[in-house]
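What follows is a single structure, written as structure tokens, with notes after it.
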Amino acid sequence: DHREAVAKINDFVLDAKREAELQRVEAERRRSRRNSWIGVVVKVVTGGVILCVALGVYFLYQDVIPNDGSYTLGDFSRIIGNSSGGGGGRLSTEDKRRLQIEDQRQKAAAQQQSIQSQQLANANAPTWIDNEMMEVWTPKQKKQFDNALVMYGGMAAKARYKLISENVEGKSRQECLMHHKLRQVIAKEQ
């Protein structure tokens, strides 16, 4: 009888571990799928921004640089506003406006790319719920937690979770706190 009971408990613990691993793998698969879509969107948007900048530069300078390939250092210095280049003087008002517009476009593209990188970084970060869902609690630890929660339920939170963690083998105060918060979230959802 004792061996059967031990075998059943061991089977239960193994099943619980397998279930936790399956949940962890499923959460990782969902996160990976979400991240792959975000990566595609970021690449498409970044490619679009680069294309817009390239087209802007082309249209901005198509009438400034001669098409026959014979532009000189003086022509180049006129474009960038350096009068020491030999033949270039000051930029015309139209050229200055074009350069200002191009500069604004480049700054906007860089800012947009920065925002997208931050969003991608934030999307990759797991939440505390994801981390807690991956945490493995054995049936014994769950029972110890439930008993300790009943015993110390009316105390202040800081002292309560310290005492609960002392009654749950292998779990810290923080792990007990997060486990209790997760159970509360799940209870609210149901």
Side-chain angles (χ1 to χ4, degrees), residues 19-136 157-158 161 172-190:
E19 182 64 28
E21 179 63 18
L22 288 174
Q23 288 175 354
R24 185 192 65 75
V25 167
E26 179 62 23
E28 181 63 32
R29 186 183 63 77
R30 283 192 306 261
R31 193 172 21 258
S32 173
R33 188 172 47 213
R34 181 181 64 214
N35 293 345
S36 68
W37 277 106
I38 291 171
V40 168
V41 169
V42 167
K43 288 177 185 173
V44 167
V45 170
T46 304
V49 168
I50 291 171
L51 179 63
C52 288
V53 169
L55 287 173
V57 169
Y58 171 75
F59 288 119
L60 179 66
Y61 295 120
Q62 73 178 359
D63 63 335
V64 176
I65 299 174
N67 289 334
D68 61 3
S70 64
Y71 73 96
T72 65
L73 184 58
D75 295 324
F76 182 71
S77 64
R78 180 177 54 81
I79 292 169
I80 62 171
N82 182 2
S83 62
S84 65
R90 295 192 184 269
L91 289 175
S92 69
T93 307
E94 185 179 320
D95 289 340
K96 285 181 184 178
R97 183 67 185 142
R98 284 184 184 155
L99 289 174
Q100 286 174 342
I101 291 170
E102 181 57 32
D103 187 45
Q104 289 172 348
R105 285 181 184 155
Q106 288 176 355
K107 286 179 183 176
Q111 185 178 17
Q112 184 67 25
Q113 190 172 10
S114 172
I115 290 170
Q116 289 170 349
S117 342
Q118 286 177 336
Q119 289 172 343
L120 181 61
N122 291 341
N124 290 337
T127 65
W128 72 269
I129 292 177
D130 294 335
N131 290 335
E132 184 57 32
M133 292 293 253
M134 290 187 273
E135 184 74 26
V136 177
K158 206 171 204 178
Y161 292 110
S172 68
R173 177 192 162 281
Q174 186 68 26
E175 289 171 320
C176 291
L177 174 67
M178 289 295 114
H179 184 67
H180 191 220
K181 281 188 175 185
L182 177 66
R183 287 175 56 178
Q184 288 173 333
V185 168
I186 291 171
K188 282 183 184 177
E189 290 177 356
Q190 292 177 351

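Note that these values count all heavy atoms, side chains included, but never hydrogens, waters or copies made by symmetry.
- Looking at heavy atoms from C-beta onward, M178 lies out of side-chain contact with E135 at the 4.5 angstrom threshold.
- Checked against side-chain hydrogen bond (donor to acceptor under 3.5 Å, both in side chains), R183 has the following partners two or more places apart in sequence or in another chain: D146.
- Here K188 pairs with nothing under the salt bridge (charged side-chain N to carboxylate O under 4.0 Å, His left out) rule; sequence neighbours left out.
- With rounding to the nearest 0.5 Å, the separation of CD1 in I101 from CZ in R98 is 9.0 Å.
- A salt bridge links R30 to E26: one of the charged nitrogens lies within less than 4.0 Å of a carboxylate oxygen.
- For E102 and Q106, the side-chain atoms include at least one donor-acceptor pair closer than 3.5 Å.
- A donor-acceptor contact shorter than 3.5 Å links the side chain of S117 to the backbone of Q113.
- For the pair E19/Q23, a side-chain contact is recorded, criterion being any heavy-atom separation below 4.5 Å from C-beta on.
- Counted within 6.0 Å of CD on Q184, heavy atoms from surrounding residues, nucleotides or ligands total more than 12; the atom is thus considered enclosed.
- Taking a cutoff of 4.0 Å between a charged side-chain nitrogen and a carboxylate oxygen, R97 and E94 do not qualify as a salt bridge.
- Of the inter-residue distances, the one linking Q111 atom CD with Q104 atom CD reads 12.0 Å to the nearest 0.5 angstrom.
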